[in-house]
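Here is the naming used below: chain letters follow the sequence lines, and residue numbers restart at 1 for every chain.
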Amino acid sequence: MNIQRPRGTNDILPEETGKWQFVEAKIRELCRRYGYQEIRTPVFEHTELFVRGIGEATDIVEKEMYAFTDRSGRSLALRPEGTAGVVRAFVEHRLDARSLPVKLYYLGPMFRYEKPQAGRYRQFAQFGVEAIGSIDPFLDVEMIMLPIELYRACGLDGFQVQVNSIGCPKCRVQYREALLKHLGANVDQFCPNCRRRIERNPLRVLDCKEEKCRALVGQVPLITDYLCLECADHFQQVKEYLDQLGIDYVLNPQLVRGLDYYTKTVFEITVPTLGAQNAIGAGGRYDGLVEEVGGKPLPAVGYAVGLERLLLALDQQAGRYYEEPRPDAYVAHFGGVTKAKAVEIVTDLRRRGLWVEMDYLGRSLKAQMKSADKLGCRSAVIIGESELERQIVKVRHMATGDEQDVKLDQIAAYLTADREEHGA
RNA sequence: GUGGGUAUAGCUCAGCAGGUUAGAGCGCCAGGUUGUGGCCCUGGAGGUCGCCGGUUCGAUCCCGGCUACUCACCCCA
């Protein structure tokens, strides 16, 4: 019986890891500049944390959690998103005692029990950022800028930023009422899904993709018309900063998020060419979550980027977006004493910081040269008996075919100079 | 959870209106040069034709079920 990887998971093979490392490097560099520090939290938490944090009635909690009971009967769950765990750690370790806001980022696997499709997997990687302890609208804007800068740094184009404010619990009471009044009038004209939503979470109706519902929703009151003074003012400032900084965005008063903890600013970044799963980043403010998880009432903002989707979008936009490093040299030998010498040379060169390959299968020189070519080695170092007698090696520059005799003790210097000259 | 598509070599895919030895290109290995890659030529290795069952003298091919992959819906990064 042959065992395959679990549904919705992916093996990232050596030829793929280069681009992951490329994106990860961009992320770490960006976070350094913006002053966000890495935090690593467990991939599983008490189920309760997600239920309370993300919201009981959300799809994520209702039907997508990898929840299980451990041997002692505790209910645990693989994290479906990153924010809840980070906030839990923030509260648990009293990070509120530090100077605020605390700015954190994370990078790692998340798990949701969903049916896989393009850009959606059961284990997927997210990069996310959280700033806890400030209500400054500029932080909201920072949260929108960070992913934009990240995409730019990676070479991504053609993404769209949508922004909205969904207010605070205070203004939502009024809005909910107005919305229900409006929807109630023609409740039976909505799709079955939305009829259910109207009862449980009317905001979600705005998000429905059914044409019938969209038409009905068109005339619905907008949340942005019901914001309380504080929320309206906050949103206004967010927009002003965005304009001031020349950030391209569109207002989408119907943008809602699938997690219950969001308040005020929410945003989503999409790549239209990606297909059904076109959101590559999303986030917003969550002013109530820290308290919900047991900490002091502290405001916070965050966002998350799906790395598989970002990579998908990058792959789509033709052209190589990252440089694959190549070996400096391939040391070819003929077995016997020449192999003994080759082993020595290889070890010495590696100790001097060069990336060096050699033959481990006792193959012909021709086959070794072929390998050198395949591996993209800059040079081939050939060591045969006649060379050994003269205390030299032949160094062949693979791109040009030029060959040069180099003294045994000069090889490292020669190769290093060659690398400087022809670039890494 | 719902609906559609697909499943043949490591990869991309042909194929057979059901007939006995299942093919190509690429990749891999070797030879064409007792010690030299890329181009070319020759040869080789590599397949339970996804799994189980049915129809049939006979199934990789037709039918059913299962599984996986895939796309879309729901939802989401």
Looking only at N and O atoms, is any donor in the side chain of [X] or the base of [N] less than 3.5 Å from an acceptor on the other one?
| X | N | answer |
| --- | --- | --- |
| R112(A) | A77(B) | yes |
| K366(A) | G32(B) | yes |
| S386(A) | G35(B) | yes |
| E64(A) | G1(B) | no |
| Q368(A) | U36(B) | no |

Please determine, for the side chain of [X], which listed nucleotide ([options]) has the closest atom?
| X | options | answer |
| --- | --- | --- |
| Q117(A) | C71(B), C28(B), A77(B) | C71(B) |
| K115(A) | C28(B), C74(B), A72(B) | A72(B) |
| K63(A) | C76(B), U36(B), C74(B) | C74(B) |
| A282(A) | A77(B), U36(B), C69(B) | A77(B) |
| D373(A) | A30(B), G35(B), G38(B) | G38(B) |

Roughly how far, to the nearest 0.5 Å, is NE2 of H46(A) from CG of D70(A)? 8.5 Å
Taking only side-chain nitrogens and oxygens of [X], does any of them come within less than 4.0 Å of OP1 or OP2 of [N]?
| X | N | answer |
| --- | --- | --- |
| R396(A) | G37(B) | no |
| Q126(A) | A77(B) | no |
| K370(A) | C28(B) | no |
| R120(A) | A77(B) | no |

Specify the residue among P116(A) and F124(A) whose closest nucleotide of RNA chain B lies further upstream toward the 5′ end. P116(A)
Select from H397(A) and G119(A) the residue whose nearest nucleotide in RNA chain B is closer to the 5' end of that strand. H397(A)
With rounding to the closest Å, how many angstrom separate the [atom1] atoms on [N] and [M]?
| N | M | atom1 | value |
| --- | --- | --- | --- |
| A30(B) | C69(B) | C1' | 36 Å |
| G18(B) | C49(B) | C1' | 14 Å |
| A7(B) | C63(B) | P | 13 Å |
| C76(B) | G38(B) | C1' | 47 Å |
| A59(B) | A45(B) | P | 28 Å |
| C26(B) | G46(B) | C1' | 14 Å |
| G58(B) | G53(B) | P | 15 Å |
| A77(B) | G4(B) | P | 29 Å |

Ion pair present between [X] and [Y], side-chain N to carboxylate O less than 4.0 angstrom?
| X | Y | result |
| --- | --- | --- |
| D287(A) | K264(A) | yes |
| E344(A) | K341(A) | yes |
| R28(A) | E24(A) | no |

Does the structure show a Watson-Crick or G-U wobble partner for [N], both distances under 3.5 Å? Name it, or say none.
| N | value |
| --- | --- |
| U21(B) | none |
| A68(B) | U6(B) |
| C29(B) | G43(B) |
| G38(B) | none |
| G58(B) | none |
| C73(B) | G1(B) |

R350(A), R378(A), R352(A) screened by salt bridge (charged side-chain N to carboxylate O under 4.0 Å, His left out) with D328(A), the one that passes: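 Filter result, single survivor: R378(A).
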Determine whether the aromatic ring of F334(A) stacks with the base of G35(B), defined as ring centroids separated by less than 5.5 Å and ring planes inclined by less than 30°. no
Y113(A), OH: over 12 other non-hydrogen atoms inside 6.0 angstrom: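 At most 12 heavy atoms, drawn from other residues, nucleotides or ligands, come within 6.0 Å of this atom.
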Nearest-angstrom distance from the residue atom [atom1] of [X] to [atom2] of [N]:
| X | N | atom1 | atom2 | result |
| --- | --- | --- | --- | --- |
| Y113(A) | C76(B) | OH | P | 19 Å |
| I144(A) | A77(B) | CD1 | C1' | 17 Å |
| L307(A) | C76(B) | CG | P | 20 Å |

Can you confirm if the aromatic rings of Y36(A) and Y105(A) lie within a centre distance of less than 6.0 Å? no
Please find the pair of heavy atoms, one from G384(A) and one from T338(A), that lie closest to each other, and give the distance.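 Result for this residue pair: C-CG2, 3.6 Å.
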